[in-house]
Amino acid sequence: MQPGDEIAPLSVTPDRYLTVRYAGASGDFNPIHIDEQFAVEVGLPGRILHGLYSMAQVARAVTEAGGGPESLRSLTVQFRGMGLPEHELTVTGTVRELRDDAIAVVETVCTQQGKAIIRNAEAEIEVG
Amino acid sequence: MEVNLDVVGKTYPPTVYAVGREKVREYARAVGETDPLYLDVEAARAAGHDDVVAPPMFAVVYAMPAVAAGMFDPEIGIDFARLVHAGQRFTWGPLVVAGDEIATTVSVKDVSERRGSGFYAFESVSTNQRDETVCTGLWSNIVRGA
């Protein structure tokens with residue numbers, strides 16, 4: 001990995017019931033993620049994705065780029081906007097710097113319908 | 001809105017989470033992981049691990065009960081109807097595998113008020129049964145003003 005290199009992009013379309021499975025798997029049952037009527041009542045367009053699910057997609061992309069879970073040293077994200085089920089998420093990333101030939105710093109963004117739902121994401125990946 | 005600055009530095013009692021093989025697999029499938037290290041015991045053992053490996057973001061699962069203690073602390077008084085998860089940072093140490101017991105301690109890292117909104121950051125430190133730090137997390141939340 002060299003500065004300027006792009007990591008392999010990752011695309012996934014969470015299905016209609018993904019938020020229910022993720023709620024069970026993660027333990028986060030906030031109704032804005034699983035109850036359509038509740039979500040609309042509090043002013044959302046409908047049930048929204050868990051931010052940490054979207055962050056997990058960023059983690060998958062950078063972990064695959066690093067060659068496995070041992071390579072991922074850190075991941076920092078800012079959540080922006082809302083992710084929705086049944087629309088494709090795309091994670092892209094670029095190597096910004098290589099520290100001591102050992103740690104690649106990768107800047108990533110997660111977009112949906114042309115908008116960044118995670119931005120300023122920075123991963124540190126062990127290389128070499 | 002008023003925020004209680006006195007809670008900065010407050011630490012909550014540790015929680016202990018026993019990492020189960022099927023929970024790791026359930027989480028891995030929910031987020032779309034395909035690496036056999038997370039799903040297949042034999043593949044994980046062939047790679048030198050004692051059991052299936054927890055994906056890095058499984059930190060959410062073992063740390064959340066400890067973070068929840070802070071999020072629901074009446075002394076902080078977070079209004080969940082106005083809560084936005086603004087940012088997240090995780091730093092990882094040695095891998096977590098099924099069978100590990102992970103203790104997590106959470107503290108209030110920062111509280112501030114800007115332009116009518118409250119900003120709350122919690123820090124989590126998770127250690128395994130060998131007292132190795134497997135993950136630290138910084139959980140940043142905004143409670144939007146009325």
Sort out for me which of B/M64, B/K23, B/E33, B/Q88 touches chain A most, counting heavy-atom pairs under 4.5 Å. B/Q88
Side chains of A/R73 and B/T91 in contact at under 4.5 Å (non-hydrogen atoms): no
If we ignore angles and hydrogens, is there a donor and acceptor under 3.5 Å between the side chains of B/S107 and B/T11? no
A/L72 versus chain B, the contacting section by heavy-atom distance below 4.5 Å: both
Among the options A/E70, A/Q78, A/E64, A/R21, pick out the one with the most heavy-atom pairs lying under 4.5 Å from chain B. A/E70
Name the option with the most non-hydrogen atom pairs under 4.5 Å to chain B; the candidates are A/A56, A/G68, A/P14. A/A56
Please state whether the rings of B/F80 and B/F72 are parallel, tilted or perpendicular, taking 30° and 60° as the class boundaries. parallel
A/V12, part contacting chain B, at a heavy-atom distance under 4.5 Å: neither
Tell me, for B/V53 versus chain A, whether the close heavy atoms (under 4.5 Å) come from the side chain, the backbone, both or neither. side chain
Within the 6.0 Å centroid threshold, strictly below: B/F90 and B/W139: yes
Turns out that what part of B/L138 lies under 4.5 Å from chain A's heavy atoms comes down to neither
Sort B/Y38 into side chain, backbone, both or neither according to what part of it lies under 4.5 angstrom from a heavy atom of chain A. side chain
Side-chain donor-acceptor pair present, A/R47, A/T19, cut-off under 3.5 Å: yes
Would you say the side chains of A/H87 and A/Q112 form a donor-acceptor pair under 3.5 Å? no
In this structure, would A/L52 and A/I34 fall into the same cluster of hydrophobic residues linked by side-chain contacts under 4.5 Å? no
So, the part of A/Y22 with a heavy atom under 4.5 Å from chain B: the answer is both
Below 4.5 Å from any heavy atom of chain B, which atoms of A/E124 appear? Answer side chain, backbone, both or neither. side chain
